[in-house]
Structure formats: structure tokens, C-alpha cells
Amino acid sequence: MSLRDTLIRQIQQAGPMRLDAYMTTCLLHPTMGYYTTQMPFGAEGDFVTAPEISQMFGELIGLALAQTWLDQGAPAPFTLAELGPGRGTLMQDALRAAGAVKGFRDAAKVVLVEASPALVEIQRETLKDDSVTWVTDADALPQQPLMLIANEFFDALPVRQFIRQGDQWRERQVGLSDGVLAFGLAPAGPQPALDYRLADTGEGDLVETCSAYATVMAPVARRIAAYGGAALVIDYGDWRTKGDSFQAVQSHTKVGPLDTPGRADLTAHVDFEALATAAKGCLASTLTPQGVFLERLGITARAQALAGRLRGPALESHIAAHRRLTHPAEMGNLFKVLGLTAPQAAPPAGLETGPT
Ligand code: SAH
């Protein structure tokens, strides 16, 4: 039975599904989910992420984390973790670059948080020269200082959507219309967790929430607050999101989110305010555009150094990659960076603390 038929049968039996349940099933169903069965990344896949565009991305992040580690007195041992590492490319580039910082590699215990067994195998191959362990939940990260990176991870976590009616909210659900998956709305009801959104929304406005932010962020924040370290979260989104950002991408093209369950990547924009709130006990940096962050870390100097060894098409694609990562009209502004540290620590390299 296809995933679509499985979902239809489930809705026939139990009634309309919440959007977060739909998203979790489509992405992580053990045998028919997107991350468990498809090869999402790269030109052949459905989308291209920053570490797959250029080695510079992972290198600079590795060096930023190493600098932050030095700033905090080079704690040893510490956990170097990544949430949702995809093909493992970012971690591979980060380890290579940060390996030049004395003591960093020996002190780092690398732990990858990955829900998809298929992607674990790809990460194992990419990182075969490194000593790496895997966990499926952030809760299982060791109790010690933690330096953590999450690139395009939080956008994959399941969201719920609510449409305002008076001072109440109607939840958007996935149901059936003429036997086909279709959006519907639950009856209006109070949502105390959304009281704070009554101030910046009006009748008919849509807001998104994600309870998994707290599930993942709370254990991360507890470790950083207690033992030190930092988290770097990079994703598309804003300080407070509004409107429908739920989308599906298949073969680099947008498709309807209910059209091809399990075959398209489903995402929503990240609400960084909600993420910072979920990081209890930590201090959030100013939300910073990716282009600004990478420039501060020296991407242009690194790009020039690499360009010296390249000719012809390789040089052209290297120049295009630099532009793609940093230019405001490409990923430079759409993607944002949030840093989290213990309240007394300096912000991670490339970021500032202050009013958001
Ligand atoms: N960071 C990578 C890949 C981003 S795609 C890159 O930049 O290329 C999202 C990643 O998160 C995938 O590896 C996916 O399998 C993983 N993932 C999605 N939901 C998850 C969850 N709930 N827990 C752990 N990993 C998850």
C-alpha cells in the first residue's frame, strides 16, 4: 500500500489528521517516509543545501566553533554535535578545517543526531576516517560542554497551523474531500499558547507552531547552560513568522504539500523567536543574515585563496557558489543564523548579542 493510501485509510478510520502528524508521517515513516527512502540532496535530488554548494560553508562553521571553543577556555572533553547532518558534508568540512586548531580534534567527541537509518549509512561513509557516534534524539547527547550545529534541520520539524477567528483559533487539518487528501479547518477554540499572537495578528491570519522545537532545543540548552558551549542554528525563517510557509519541494520544484506524500521534502519556515524561547537558560544572539555571518567569518578571503588553484569551469562554479551562499538575492538574506550560549559567555564567532 502506498503512503497516500495508508494516510487515507487512517483518516477514514480516525478522522482528520493534525498537520504535524501528517508531516511526521510523510518525512519519517519507517518504510515509506521521505528521509527514510529518498535521496534528498544534490543536483539529482530534490534540493541543494549550503554545505553541498561549497566546502567553504562547513569550513567556516568549523572554524567559528573552534574559535568559540578557544574563547571558552578549550574545555576537554566536549561534544561536537550536528542535528540532521544530511550527507555528513558539513561535519566533514568542519572537522578538516577545525583540525588545524590545536587540541580541538582530540577534545571533540563527535555525535550526530539523525532520525533516518538510510542517511546514517551515507554519513558513515562520508565520515569513515573520523570517529563518530550517532543518536536519534538530542536527549541522548552526553552531559558535557556542547558545541552544536543545525543547518536546515529545524525547518524539517513538524508544524501545526492555526487561523485566527475572533480571539480563538481554528486548526488546519488534513482530511478527505471526494476521497482525496484535502485541507480543512477544525472548529474554533481557545489556544492559550497563542495568546501572545493576539497582539500581532488580525482576523483570518495564519500562524504556525512547532512543539518539536522544545523537544530538541530543551536538552541542548540544558547542556549549554550547565556545562558551556554554543549552538549555531542556520535556516530560513524569521524572528516571528506569520502566514502559511508549509511547502513541498520535489526535484527542485514546488509541489502541493498533499500531492505526493513521502516523495517530496516538506518544510516550514523557522520561527527563531519560538526557538530562542525553547532554549531555556541560554542567551540568544541577534538573528543575523547568513551572508553577513559568512562575511564576518572571512568567506571572501577563503574564496580568494581557493580561487587561486582553480581554472575554467571549476573557477566559475566556485565564484557562483560564493555568490549563492552570501548574496542578498540568493541565500544571503533568506537564511538566518541564531547563536545560543550560556548567559555569561560571549556570542559565537560571527554573531553579536543585543536587541533583536
Ligand atoms: N543539515 C543537512 C541536511 C538537512 S535536511 C544539510 O545542510 O545538508 C534535514 C536532516 O534532518 C536530514 O538529515 C533528516 O533525516 C534529519 N531529520 C529530520 N527530522 C529529524 C528528526 N525529527 N530527528 C532527527 N533528524 C531529523
Side-chain angles (χ1 to χ4, degrees), residues 20-30 32-62 80-94 110-127 132-141 148-159 210-220 231-237 247-250 252 262 264-270 275 278 290 294 321 324-325 331 334-337:
D20 55 351
Y22 173 79
M23 206 169 158
T24 303
T25 307
C26 288
L27 292 179
L28 294 174
H29 185 282
M32 295 182 282
Y34 179 73
Y35 283 118
T36 33
T37 60
Q38 312 278 312
M39 185 56 233
F41 316 101
E44 307 278 280
D46 294 305
F47 58 94
V48 179
T49 57
E52 306 295 335
I53 291 173
S54 167
Q55 68 187 72
M56 295 187 290
F57 188 78
E59 288 172 350
L60 291 169
I61 284 170
L80 176 60
E82 183 174 357
L83 303 176
R87 300 173 64 100
T89 309
L90 194 163
M91 185 54 83
Q92 186 186 34
D93 293 335
V110 180
V111 184
L112 303 180
V113 182
E114 176 57 68
S116 158
L119 287 176
V120 166
E121 287 318 310
I122 292 174
Q123 293 155 17
R124 198 188 299 282
E125 176 59 26
T126 307
L127 295 163
V132 175
T133 57
W134 281 265
V135 295
T136 51
D137 291 295
D139 223 7
L141 288 168
L148 177 133
I149 168 78
N151 182 61
E152 287 208 45
F153 170 79
F154 284 98
D155 63 71
L157 297 187
V159 292
C210 178
S211 61
Y213 286 173
T215 316
V216 178
M217 221 22 165
V220 168
L232 280 179
V233 178
I234 307 175
D235 226 309
Y236 40 87
Q247 67 165 28
V249 170
Q250 195 172 356
H252 304 270
D265 184 38
L266 299 179
T267 62
H269 283 200
V270 172
L275 201 55
Q290 174 173 301
L294 293 175
R324 197 158 163 203
L325 290 176
M331 295 173 83
L334 179 65
F335 282 75
K336 311 279 192 324
V337 188

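Bear in mind that the values here come from a model prediction, so they are computed numbers and not experimental data. Read the numbers this way: they start at 1 and go in the same order the structure lists the ligands and their atoms.
Looking only at protein heavy atoms, the nearest one to atom 19 (N) of ligand 1 is Leu28 CD1, 4.0 Å. Among protein heavy atoms, the minimum distance from atom 2 (C) of ligand 1 is reached at Gly84 O, 3.3 Å. For atom 7 (O) of ligand 1, the closest heavy atom belonging to the protein is Asn151 ND2, 2.7 Å. Summary of contacts: the protein heavy atom closest to atom 6 (C) of ligand 1 is Thr49 OG1, 3.4 Å.
Taking the side chain to side chain donor-acceptor pair (under 3.5 Å) definition, one finds that Asp235 meets it with nothing, sequence neighbours left out. Every residue two or more places apart in sequence or in another chain that forms a side chain to side chain donor-acceptor pair (under 3.5 Å) with Gln55 is listed here: Glu59.
One N or O on the side chain of His252 and one on the backbone of Gly45 form a donor-acceptor pair closer than 3.5 Å. For the pair Thr126 (side chain) and Arg87 (backbone), a donor-acceptor distance under 3.5 Å is present. Of the possible polar contacts, none joining the Ser54 side chain to the Ala321 backbone as a donor-acceptor pair under 3.5 Å is found.
Only the side chain of Leu119 comes within 4.0 Å of ligand 1, counting heavy atoms alone; its backbone N, CA, C and O stay farther away.
In this structure, of Ala115, Gly33, Pro51, the residue bringing a heavy atom nearest to atom 24 (C) of ligand 1 is Ala115. Taking all heavy atoms of Tyr35, Tyr34, Phe57, Phe153 into account, the minimum distance to atom 5 (S) of ligand 1 is reached by Tyr35. With atom 15 (O) of ligand 1 as the reference point, the heavy atom nearest to it among Arg87, Met91, Glu152, Glu114 is part of Glu114.
In summary, of the residues considered (Thr25, Asp46, Asp265), a side chain to side chain donor-acceptor pair (under 3.5 Å) with Tyr34 occurs for Asp46 alone.
Of the N or O atoms in Thr136, none lie within a sub-3.5 Å distance of an N or O in ligand 1.
Taking CG from Leu334 and NE2 from His269, the interatomic distance works out to 6.0 Å, rounded to the nearest 0.5 Å. Between atom CG of residue Leu157 and atom CG of residue Leu266 there is a gap of 12.5 Å, rounded to the nearest 0.5 Å.
For ligand 1, the atoms lying closer than 4.0 Å to a non-hydrogen atom of Phe41 are 3 (C), 5 (S). Close approach to Leu157 involves these atoms of ligand 1, each under 4.0 Å from a residue heavy atom: 22 (N). The contact set between ligand 1 and Gly86, taken as ligand atoms under 4.0 Å from a residue heavy atom, comprises 2 (C), 3 (C), 13 (O).
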